[in-house]
Amino acid sequence: MEKILVIDDDKLVRKVFKLTLSKEGYDVLEAEDGRQGLQVIKAEQPDLVLTDFQMPGINGLEVIAEISRLKLNIPVIMLTGYGDVSLTIKSIQKGAYEFLEKPTKPEVLKSTVRNALDSAKTSRDLPDVISSEDEVEKELDNNFLVGRTPRMKQIFKNIGMISMNKVNVLIEGETGTGKELIARLVHFSGITRDRPLVVVNCSALTETLLESELFGHVKGSFTDSIRDKKGKFELAGDGTIFLDEISEVSLNTQVKLLRVIQELEFEKVGGEETIPMRARIIAATNKNLEDLIKEGKFREDLYYRLKVFTIKLPPLRERKDDIGDLIIHFLHKLNKKFNKNVTKIGDGVVELLMQHNWHGNVRELENTILQAIVMSKNDVLERQNIVLNTALDQQDDGVSPGLELKSLAEVEKAHIKAVLDSVHWNKVDASRILEITRPTLNAKIEKYNLRH
Amino acid sequence: MPSKNFSGSPDLPDLTFLREMLGNDQDSLKEIITIFLEDGPPMIKSLEESVRLRDFDMIKRTSHTLITELSTVGITSVVPDLKRMNKTAKEMNDLDEVMEHIKDVVDRSVQFFKSMD
């Protein structure tokens, strides 16, 4: 009979797990804290350990570390309570087989336990072909992680795995889903965390400038190149280079990027010296690169070189169960940033935000909450201060077929006016919402001849 | 009063989760409820004391445990309040009222469990 050890300082939880798993035919042992758990592990050598994270004395991560140190090859399932999502990456990095949130659905518990036991058996039956990596001891600060939906949890688990390897990563997701945040997480949570992270927005530069940015240039290689300049690949060193909006790179530059990835070396623009490339590449796109390949706008060979591992970030409308936690997260963040004290959520606010389609994703949600916080006159996030952009919803519904096609300047003028009106022309608040400086706001007010 | 978005109606405990977990086994269910009746009320008392003393570390720890505990035995209507307490107790102006509400719901649930045969 397979032996399972459940370590949890909560007697009720321990008993529920014991009764459930006993009915599945397992021999279930119990321990009420990490120290007792380790004693049982050494004495009984269970086939699987389920351990709580937060326990007095030795916590769940330390239990995993000790099992690893003793080279016992026992799979561990980490159990966590509310608000411990940020532990996902740490747990997986430390070697946890899986991460389950309490209370755990019975079918999830049973299948995870079965899979863990089967996986351990497969591992025991096979010989090692390479030595395993040293354990990573570095701690990780993931306080900004928000996401309890299964898809986000899976993404965090994947980050836990890939951050320990320097594989190239492609992050796909709509605008505002947090692609750069994920890139930063991959970089800072793993083996590159003490190395540079260099961010390049590929859409912001012309072809010539982008090449100069990426590879650097030598003095005199083109007009205005008055001195040698290091490129982003060189600056990234052993770290990470994050290529945002990779779809916007021209075909010419794509060829050069491909060569860098294949040959792991490059030359500065106008230079002859070959410079080695050691950085990990994380690329991000809000477009479907496979479609662009079909249209001849993106090289297939480069695509496969970039997507050694792919992270697909879901749009917010497909992870609406995270909205509650995101609201609380943004209240914390924005209260601190803007010295406000909005600590309550008014009637109907959550329901209203849950109904919206969030075409601008998490970024739109943050801006909506920011606007409501700025407009609040007390400590309540009130429904009346929630201003939702429903124009795109109407397009979805097909009820706005005669959408007026406006110039960018017209849209900007109208938006600035709307924001100013919404904050009663408080320019400090307006410039915060618009994320521009006050002089820039003043210049735009003058340019568009806006009046209170 | 606690914010409506953080608390639901104090319904009776919903034992669906536990029944599924325990394969509808009545003896096992009784065993779990007995443990809850022993451990749950002192935990609520501890939370109440922490709230009275504004011991925010202890509020965080105890509410964390209670979220799992109460979710398991189906007292889910106060779980959003506990989550709010767990995250933002320091900033809550209605902390005492929320605590009172949680205690009231748990007390009634305890009576319900005791009345179960």
Side-chain angles (χ1 to χ4, degrees), chain A residues 8-24 52-56 79-84 101-110 146 148 323-325 327-329 331-332 335-336 340-354 378-381 383, chain B residues 1-7 14 16-40 42-43 60-76 79-80 82-95 97-98:
Chain A
D8 200 310
D9 57 332
D10 188 330
K11 186 179 170 190
L12 184 139
V13 171
R14 227 165 50 227
K15 192 59 75 180
V16 170
F17 278 114
K18 182 182 170 101
L19 290 168
T20 306
L21 294 171
S22 297
K23 288 183 198 313
E24 293 298 299
D52 186 24
F53 169 70
Q54 285 194 24
M55 293 180 289
L79 306 169
T80 66
Y82 171 71
D84 296 333
E101 198 172 337
K102 296 181 287 184
T104 314
K105 287 181 181 167
E107 66 274 20
V108 173
L109 173 68
K110 289 170 194 171
V146 182
R148 303 159 62 76
I323 285 178
D325 283 348
I327 295 170
I328 292 171
H329 169 73
L331 283 181
H332 275 293
N335 273 334
K336 200 178 283 181
K340 300 284 282 189
N341 190 34
V342 178
T343 57
K344 297 173 185 169
I345 300 177
D347 282 350
V349 169
V350 175
E351 291 80 357
L352 179 68
L353 297 178
M354 290 284 277
N378 52 23
D379 60 355
V380 181
L381 190 74
R383 187 182 168 123
Chain B
M1 283 296 290
S3 161
K4 281 183 183 172
N5 288 304
F6 281 120
S7 65
D14 176 0
T16 313
F17 170 77
L18 258 188
R19 287 189 205 282
E20 277 178 22
M21 201 71 177
L22 303 171
N24 250 328
D25 182 80
Q26 207 56 25
D27 291 340
S28 299
L29 190 68
K30 270 186 190 167
E31 200 175 333
I32 297 300
I33 288 171
T34 304
I35 295 172
F36 174 72
L37 289 175
E38 285 167 8
D39 295 352
M43 239 183 267
K60 196 166 183 63
R61 276 204 295 276
T62 312
S63 60
H64 183 270
T65 308
L66 274 165
I67 288 167
T68 305
E69 191 107 348
L70 298 187
S71 301
T72 304
V73 296
I75 309 175
T76 51
V79 167
L82 283 163
K83 286 182 178 177
R84 188 172 156 229
M85 216 181 234
N86 182 266
K87 287 252 179 199
T88 62
K90 261 185 202 170
E91 294 139 26
M92 285 170 65
N93 295 327
D94 56 350
L95 188 58
E97 292 160 69
V98 172

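Below, chain A is the first sequence line, B the second, and so on; all start at residue 1. From a predicted model like this one, the values you see are computed outputs, not experimental measurements.
- You'll find the side chain of A:His329 stays beyond 4.5 Å of the side chain of B:Lys87, heavy atoms only.
- For the atom pair NZ (B:Lys83) and CD1 (A:Ile328), the distance works out to 9.0 Å, reported to the nearest 0.5 Å.
- Of the candidates A:Leu19, A:Leu12, A:Val16, B:Glu31 forms a side chain to side chain contact (heavy atoms under 4.5 Å, CB included) with just one, namely A:Leu19.
- Interface remark: A:Leu331 contributes no atoms to any contact with chain B (heavy atom separation under 4.5 Å).
- Atom NZ of residue A:Lys102 and atom CD1 of residue B:Ile67 lie 11.0 Å apart, to the nearest 0.5 angstrom.
- Summarising the geometry, atom CZ belonging to B:Arg61 is positioned 9.0 Å from atom CD belonging to A:Gln54; distances are rounded to the nearest 0.5 Å.
- For the options A:Val13, A:Thr104, A:Asp9, A:Leu109, heavy-atom pairs under 4.5 Å to chain B are most numerous at A:Thr104.
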| message | Run A:Lys344 and B:Asn93 through side chain to side chain contact (heavy atoms under 4.5 Å, CB included) and show every step you take. | response | CA-CA 9 Å; A:Lys344 297 173 185 169; B:Asn93 295 327; 3.8 Å; yes
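- Between B:Met92 and A:Thr343 there is no side-chain heavy-atom pair separated by less than 4.5 Å.
- Proximity to chain B (any heavy atom under 4.5 Å) is restricted, for A:Lys23, to the side chain, taken from C-beta onward.
- The OG1 atom of B:Thr68 sits 7.5 Å away from atom CG of A:Asp52, with the distance rounded to the nearest 0.5 Å.
- Atom CD of residue B:Glu20 and atom CD of residue A:Glu107 lie 7.0 Å apart, to the nearest 0.5 angstrom.
- The closest donor-acceptor contact from the side chain of A:Thr20 to the backbone of B:Met21 lies under 3.5 Å.
- Proximity to chain A (any heavy atom under 4.5 Å) is shown, for B:Leu22, by both the backbone and the side chain.
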